[in-house]
Each structure stands twice: as structure tokens, then as C-alpha cells.
Number of protein chains: 2
Amino acid sequence: MANTTKPSPFAPKTLPLLAPLAGVRFATAQAGIRYKDRTDLMVAVMDEGTTAAGVLTQSKTASAPVLWCRKSLKNGQARILVVNSGNANAFTGMRGRAAVEETAEAAAEAVGCAPKDVYIASTGVIGEPLDAGKFKHLLADLAATAAPDAFEPAARAIMTTDTYPKLATRAARIGDTDVTINGFCKGAGMIAPDMATMLCFIFTDAAISADVLQELLDEHVKTTFNSMTVDGDTSTSDTCLLFATGAAEARGQKPVTKTKSKRLKDFSDALQDLMRDLAIQVAKDGEGISKFVTFIVEGAETEAAARRIALSCANSPILKTAIAGEDPNWGRVVMAVGKSGEAADRDQLAIWFGDSCVARSGERAAEYDEATVANYMKNPEITIRIDAGVGKASATVWTCDLTHDYVSINADYRS
Amino acid sequence: MANTTKPSPFAPKTLPLLAPLAGVRFATAQAGIRYKDRTDLMVAVMDEGTTAAGVLTQSKTASAPVLWCRKSLKNGQARILVVNSGNANAFTGMRGRAAVEETAEAAAEAVGCAPKDVYIASTGVIGEPLDAGKFKHLLADLAATAAPDAFEPAARAIMTTDTYPKLATRAARIGDTDVTINGFCKGAGMIAPDMATMLCFIFTDAAISADVLQELLDEHVKTTFNSMTVDGDTSTSDTCLLFATGAAEARGQKPVTKTKSKRLKDFSDALQDLMRDLAIQVAKDGEGISKFVTFIVEGAETEAAARRIALSCANSPILKTAIAGEDPNWGRVVMAVGKSGEAADRDQLAIWFGDSCVARSGERAAEYDEATVANYMKNPEITIRIDAGVGKASATVWTCDLTHDYVSINADYRS
């Protein structure tokens, strides 16, 4: 089950250090929901005045916690986030809703807030009833002992088949005030976010209103989490939440309440950068990964078309297995471009593996040298660039290859 | 490369015997296009007056032979079909078009027809120039020696990674005349037909006009080839052609020229049955297959929606690997239904593995018994039925599981 598989070859040698961020504190526990001898419950306690934004799975079979978050996000305020791993509380019917309500009630009581200020996320097996009784009695203690420097333990507690915790931090300036953005996420399989990755939580001490936060998140999710895929399988539980504690206001930051505010530029860029960092960390921990692959599509009609062509490549089993086999099988790139349904001019199409042009003007490039390209395929990180030849828009998508280990991991996840 | 992998466990013990069909003859040769010591060139010669219909890949990077067939189909007449395996002549630019034209010219000369009565299909590696010089000089001899009883050698000559030839025959009556439908096809990987399977050729001695044939083919392709997938990867070369020699007219069959003709009912049913048979044979030879899987979706809003839900399941890597691992992981069925984007009522959704209801009313079924369902998963053929709970439309889709062998086969196809 979790963590029994070998670590991703892309597991970072050292984890980024996330400095405490005023207004938010973390605690974790071993609730024994499914895993033994590891933490599986995480609580984030936020100061009063914290604003919230979120993007959630577009799955028609969304989990009970996703439906709860959708409701809480309407008021845009947050005081506590409760996350468990080992059980997704998805497709659990009435009992699933009851488990979420019990959790929210206990969490609200733990910090003295209304249930609508509670956010909940669950990840793990789908279809098993989640027993909130296993952990709701722990929430008061966790809230009371939560500490500001516990980002890493928090990131570890939400892991499932992840082989490393995924953390990122960025600094930004709003006006003359320095603010911090810290985030972490989890995900390794069933990853083709339609709105966000499985679970991602981002915190900042900036003072930004909920509607502005939401707009930033919506914008950046497209070029980050929605541009990443492991296996094309969109989860029932995808949840990306962004919380702003507003603590920087005490240090002189004038709250941002307008989307178009020029003061937001630096923060917005830093947020996008952090989200891209986390998305790439997820792809690099893709189940069974041996190669990290970047598809860059240029010359498409629109950015959305470019992204769909890149995703069509990144989700193609027959292309991903070729990459696993270090086979520069660019004919399969042609196939994946063709099946995307997006406009591409077959006779203008060009393809590069790394710096080598393998195809141009609708046929194999004159300078194509099999030995050079085959040698390039031995690299752990592969970049494939495609010029669709019909326009000026571009997009980048990150993924991993499809290996024997992916099959092994998923053929016996439950048993 | 081709045929070095172990045979599918679903390879038929005996092949169906296809009786000669008046008006069409076959010949094959070893042209050495790519494979050694096996046939890789097939010619079908048809009598004057043969009508033709076809459905071709919707890929935006369609192969040169596909573009050629699209043109020939406009006149709806056929005299000769030339098919090679080992090279798809796809993404080969000007040279690809030239190779097709050279082939068509030589083929037309071989039977004394116009180039527009020639049909061409190629299957194999994408992006390698195809040298028509390797086989065009063989066409005259092949046409002259073609024999009516060579369906099986013809089916063998067009194989690539197939582990068995795929043949089917049906009898039908039009008015008082008995007619025959014989067909064969190939395909094992890069299979997610958007219009037809990779290559499928169907012949009948019935006298039916080209426009009526086309309508029949368009109708039945939806519930047969377009309801089957191996890996979700749509080929650049998908070609399904249906030829009617009209020889039955000499035995008293009045030619059918109207689509709505009641006389067509029996023929139409037999044709659909044959196409379904061939589609299932393709799925049963899916690369690396260990289990044959049928997804039946009921209670959907429309037939198209039901098919998309079923295909979303049939193309889900994480669900297909669970099936390979004999894990009754119905939570992944919930995920795949959810990601299809089609309407499904989470709280009405029901799922059966074989005869066992595993989920009902949005949660695990009360009678769910893990041991029973786990035992069912040991069967070589698995049927998963889904009630979407929102309507009355249904659809069936056939596929195979995703195994280590799929990865092995595709990680070194070219090398």
C-alpha cells in the first residue's frame, strides 16, 4: 500500500524549508484510519479574518468533502482545515455526508468558529465508509497544540502513494510589504486534474479578499495543475485551496480587494510559480515514473488548443510506454497530435526531441539522426516540442512515462 | 516486433472458415517491406460493378492511404484493394503521397481499371517513408493469380502486433436470395477507433448501391468498432471498407438502392453482427491482454452519453490495471464515470461486477461481499454493468486490461 513502493528517481535530496507564516498553525496525528505507524490526520488552524479560495474537481462523482468545501467557499472565510489520508470518503452516500458533518462540527468547536468556516479534504480509497469517530475526538487537542513551523509534517500526513512530500515556498511584495506564500500538495496516481490536483493547500500571510484570491487561483490553475497529468484519470477528490491569513496587514500591507490591482502583479507571479513548482513535483512522483516528460506545444490556434494537444500526448499510453523504453518513437507523437481533435497542419507539423528536430513539413526531418535522438532518450528528463503549424498560441504540459511499476502499483493498491 | 509476443489467451482454437464469395479474389506476397519470412502484401481483386463504402480515421494526421481512400470513395466503385503491413505510410509528406500514387497506378494497370477504382491501406510504423518500389512490380502477378478462397492468408498478411488473424462470416437473405458477408480485420494496439478499427475489410456478394452501403456502415460502426478500445490511442490509419460485388444479382437478387428498403433488414442485422464479432476479436487481441472486459452502461441520458461513460471506464489506466490485478476496485469505476463529463446521478448510481451488485444508491451495496466479487475477478472475461440513474439509454463497450505485457510490447516496438 502507501509508501511500500520504491521512491521516485526524482525525489528531492533535500526538502525546501517553509518558514512559519503568521496566522496559520499545523498539527498532525496517527488516527489509524487505514495506515499503520504513520500520520494520517492533519489540521491547519487559521486566525480570524483569513480569506479562502478554492478549485475543486469537476468529476460528476465528487466526494462528500468536495461538496462540503464548495459550500464553505461561498462565504470565503476560513478558520480550520481538516485533512485525512487513507480514505477518500467518496461514493459513500448518506454516511459520507454524515461523516463530513460530524467532522465539521467537531472542528468548529475546536477553534470556536461556525461550521461554514471549516474546510475538509479526504484522500485514499473510494467507496469505503469513513468513520469520523476515529478522529473527531482528536481535533480539539490538535487545534490547541498546532504549531506554525509544522509544514513538513503536515505535507507528510496527507500522502497516499506519494513517495515524497511536496512543498514549495515563495516570497512576494505587495506595495512595500514582504509577504510569503507556502504550499504543499499530494498526488501520484489517478492524476489528471480537471480543476486542481488531488489535494493542494496554499497559505499566505497577505491580506487579499476572497474574490480576488479566487480569481488568481482560477487563472493560475490552468497553466499549473491543469497542465499536468500522470494517467489521465481525474480524481473524485481534487481539491486546491488557497488561504490568506491577512497577517501582513499588521506590518503595513494595505488589503487588496480589487482584481485588477497593479499591486498584485508580483504576488500573482509568485503564486503561479509556486503552483507550477508543486504541479511538477506531482508529475515527478507519478506512480512508477522512470522519466519526467515535458510537452511544449507551439503554433496552435489558441492556448486551450495547445494545451489539449499537449495533454493528448501526455495521456497517450502507447507514447508514454515508448518513452519508458527510451524509444524516440516520434510517429506516436504524430498520432497523439492527430487524435487530439485540435487543428494541426499535417504538412507544417514539426517535432523536436530535446534539441533535435525529428520531423518537419509533414515528414521526417532531413537532418534526423536516430543515434543522436536514441541517445537523448536515455536522459531522465525528456522534452518534446511540437509546432502545430496553424497559429501562434502555446502551452506546456508535464507528465511521466508509463512503466511496469505503474501497472504493479495499481494492480494491487487495495489488496 | 510483430508476432514475437506470446499469443493472446483469447486466440481462437480454430479460425472460422470463410467460403468463397462470388466476385472477389485474393492474393498475398512477401514483399519484405519490413518483416522477414512472412507475407506483408495483400491484394483483393473485385469484379466490375462492385460498389464500395468506407469509414476512415478522424485523426488530423491521417495517413496518405486514408486520404486516397477518401477520394476513391466519392465515386463508390471498386476494382482492387492493395494493403501492406509493416509501414503505415503516415506522416511521410510528399513522398507518402507519391508512394500511394505509384501504387494506385500499378494496381489500376494490373486489373485494367481507372485509379479511382483503387483502394489502398497501410499499417505499421508511422513516419518512415514507404518505398512503393518494393512491391508495385508484384501487383500484376498477384492480380492474375488471385483466388476466391484465400481469406485467411489475406487476413494474415495485414497483421502487425496481432497474435491471431481476425475473420468472420455471416449469411443473410435479401428478398428470396441468400447472400454472404465475409470480413477480416487487424489491430492490437493504438486502438481507439474514432471511425473504424485500424484496418477492416468486408465483402459481400449482395447487390447494394454505394450510398446504401455507406449508410449501413456509418450506422453500425457506432455500436461495433467505435464501441471498442485497447488503449484510447486513435490511429492515423483507421480504415474500414465494405465492398459489394453484386454477384448475387445473377442469382436473382434485385439490387437494393434505397436506404429504407425493408428487404435490407436481415442483411443489416447480419452486417452489424459480423462487425461486432470482428470488433470483439480486436479487443480480445489487445496488446498484453490478460482479461477481456465488457462495460455495459444503462440509465444514461442518450446512447452517445452511455457510450462515452463506457469508454471513459474502458480507457482508464488505473481501472484497467486494477482489473489486471484481479482487484474488484469499483471505486475506480465511480471515478471513471465521474470523469466522463456525462450526466450521472451520484446518489442513484449502481454498479455490478458480473451478477454481484457492488454499489447502489450512491454507496456500497448492503449485500456486497468482497470474497464473492474477488472470486469473480479471477474469470478471464469480466462484465461490469453501470446504471447511471438519469435516463433510459444504454451502450456496450469492449476492451482489455492494462498489463505489464502492454508496457513491454510498446516499450520496444521499434527497436
Side-chain angles (χ1 to χ4, degrees), chain A residues 59-62 88 90-96 125-129 189-190 192 194 231-236 316-318 321-322 324-325 327 329-332 334-344 346-347 349 359 361-364 402-404 406-408 410-415, chain B residues 59-62 88 90-96 125-129 189-190 192 194 231-236 316-318 321-322 324-325 327 329-332 334-344 346-347 349 359 361-364 402-404 406-408 410-415:
Chain A
S59 168
K60 306 282 178 179
T61 52
F91 209 69
T92 43
M94 285 296 293
R95 279 182 292 180
V125 174
I126 296 170
E128 293 283 327
M190 206 182 275
D194 202 10
D231 51 15
D233 279 338
T234 302
S235 158
T236 52
S316 159
I318 208 158
T321 43
D327 177 3
N329 197 325
W330 58 271
R332 293 178 179 177
V334 174
M335 178 281 301
V337 171
K339 81 161 180 165
S340 73
E342 294 300 328
R346 202 193 48 158
D347 297 337
L349 196 63
S361 308
E363 58 185 311
R364 196 166 65 189
L402 173 58
T403 65
H404 285 289
Y406 178 87
V407 177
S408 297
N410 284 298
D412 52 31
Y413 172 72
R414 291 201 330 160
S415 46
Chain B
S59 167
K60 306 281 179 183
T61 52
F91 208 70
T92 43
M94 285 295 293
R95 280 183 290 180
V125 173
I126 297 170
E128 293 283 328
M190 205 183 276
D194 202 10
D231 50 16
D233 279 338
T234 302
S235 158
T236 51
S316 159
I318 208 158
T321 42
D327 177 4
N329 197 326
W330 59 270
R332 292 179 180 177
V334 173
M335 177 282 300
V337 172
K339 82 162 179 164
S340 73
E342 293 300 329
R346 201 191 50 158
D347 297 336
L349 197 63
S361 309
E363 59 184 310
R364 196 165 65 191
L402 174 56
T403 65
H404 284 288
Y406 178 88
V407 177
S408 297
N410 284 297
D412 52 29
Y413 172 72
R414 292 201 329 160
S415 47

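In what follows, every chain begins at residue 1, and chains take the letters A, B, ... in the order their sequences are listed.
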Checklist line | Contacting region of A:Thr403 [heavy-atom separation from chain B under 4.5 Å] | finding: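 It is the backbone, since no side chain atom gets that close.
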Check: Side chain, backbone, both or neither: which part of A:Ala62 has a heavy atom under 4.5 Å from chain B?
Finding: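 Looking at A:Ala62, just its backbone touches chain B.
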Notebook entry, point to check: What residues, two or more places apart in sequence or in another chain, satisfy side-chain contact (heavy atoms from CB on, under 4.5 Å) together with A:Arg95?
Noted result: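 Result, side-chain contact (heavy atoms from CB on, under 4.5 Å) vs A:Arg95: A:Pro129, B:Glu363.
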Checklist line | Any donor-acceptor N/O pair, A:Arg364 side chain to A:Ala359 backbone, under 3.5 Å | finding: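 Side chain of A:Arg364 to backbone of A:Ala359, a donor-acceptor pair under 3.5 Å: no, none is there.
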Item checked: Where A:Leu349 and A:Val337 come nearest, the two heavy atoms and their spacing ->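 It is CD1-CG1, 4.1 Å.
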Next item on the list: Indicate the atoms forming the closest heavy-atom contact of B:Ala88 with B:Ile126, along with that distance.
Entry: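 Scanning both residues completely, I find the closest heavy atoms to be CB-CG1, 4.3 Å.
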Note to self: Out of B:Gly341, B:Ser361, B:Gly96, return the one with the most heavy atom pairs under 4.5 angstrom to chain A.
What the structure shows: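 Most heavy-atom pairs within the cutoff with chain A belong to B:Gly341.
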